[in-house]
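In what follows, a structure is listed as structure tokens, so that the remarks can point back to it.
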Amino acid sequence: MALENIFPPIPSELIMPFAGFVVARGDLNLAGVLAAGTAGSIAGAMPWYYAARVYGKERLKRFADRHARWMTVGASDIDKAIAAFDRHGRSVVLFGRLIPAIRTLISVPAGLACMSLGQFLLYSTIGSLAWTGVLTGAGFILESNYEQVGKYVDPVSKAIFGILLAWYIYRVITHRPAKSDAA
């Protein structure tokens, strides 16, 4: 689960249902599986959170202005995003941990906005526990048919990734430099 958050192509949608299947067989403890899955998820989120905090929003804004087309945002967009994150950050972190692809990326705006570590850990833990619980529970309920979880969740994850990729490509193609981008 830690690696899934550091390197998103590793799918929790396959890891946790299998753990649920093993719990159903009686070879693992449910509380232990949920604790390990959640702890791994949080451990994987921390490098992104700290990297964003260390890099900082001012350096990111300068980088964005230099590479606006490829980042698809400029400094003013980052200011707006951080202001929105300041208003809704707790719920964004909580619910973001439930969405494939977003699960990893949500740590970056939390770090950039300097969300307190305590709040980040609290909301990330709640969201990660919910996600881990749903997947483990599905594997437990389906027992030997746990592969079915991946059959349904994997296409949804791929669709979300595809939508995000299409949106990114659209933004790159339709990018128009702002006045501050041209300076």
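Side-chain atoms of Val23 and Asn29, non-hydrogen and from C-beta on, never get closer than 4.5 Å to each other. Counting heavy atoms from C-beta on, the side chains of Leu112 and Arg53 never come closer than 4.5 Å.
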What's the verdict on side chain to side chain contact (heavy atoms under 4.5 Å, CB included) for Phe140 and Leu30, showing C-alpha distance, side-chain angles and the deciding distance?
-> CA-CA 9 Å; Phe140 183 89; Leu30 178 61; 5.5 Å; no

Can you list the steps and then say if Thr125 with Arg97 is a side chain to side chain contact (heavy atoms under 4.5 Å, CB included)?
-> CA-CA 9 Å; Thr125 299; Arg97 304 297 293 157; over 6 Å; no

Full working for side chain to side chain contact (heavy atoms under 4.5 Å, CB included) between Met16 and Trp131 | CA-CA 9 Å; Met16 295 313 299; Trp131 180 249; over 6 Å; no

Could you give me the CA-CA distance, side-chain angles and deciding distance for Ile141 and Phe21, then say whether side chain to side chain contact (heavy atoms under 4.5 Å, CB included) is met?
-> CA-CA 8 Å; Ile141 291 167; Phe21 163 69; over 6 Å; no

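Val54 and Met115 are members of different hydrophobic clusters when ILVMFWY side chains are connected at heavy-atom separations under 4.5 Å. Cluster annotation: Leu34 is not connected to Val134 through the hydrophobic network of ILVMFWY side chains, with a link wherever side-chain heavy atoms come within less than 4.5 Å. A single hydrophobic cluster is seen to contain both Leu129 and Leu122, as judged by linkage of ILVMFWY side chains at heavy-atom distances under 4.5 Å, directly or through other members. Residues Leu98 and Ile163 are members of separate hydrophobic clusters, defined by side-chain heavy-atom contacts under 4.5 angstrom among Ile, Leu, Val, Met, Phe, Trp and Tyr.
Cation-pi geometry between Arg171 and Tyr168 is not satisfied (NZ or CZ under 6.0 Å from the ring centre, within 45° of the ring normal).
Of the possible polar contacts, one joining the Thr132 side chain to the Ser128 backbone as a donor-acceptor pair under 3.5 Å is found. Counting only distance, with no hydrogens or angles, the side chain of Ser124 and the backbone of Leu121 share no donor-acceptor pair below 3.5 Å.
Distance check, rounded to the nearest 0.5 Å: CD1 of Ile42 to OG1 of Thr38 gives 7.0 Å. Rounded to the nearest 0.5 angstrom, Met46 CE and Ser107 OG are separated by 8.0 Å.
Residues in residues 105-130 take part in these ring-ring contact (aromatic ring centres under 6.0 Å, His included) pairs, two or more places apart or across chains: Tyr49-Phe120.
Pairing each heavy atom of Leu94 with each of Gly127, the nearest pair is CD1-N, 3.5 Å. Across all non-hydrogen atoms, the minimal contact from Val93 to Ala110 is CG2-CB, 4.2 Å.
The environment of OH in Tyr50 is sparse: at most 12 heavy-atom neighbours from other residues, nucleotides or ligands sit within 6.0 Å.
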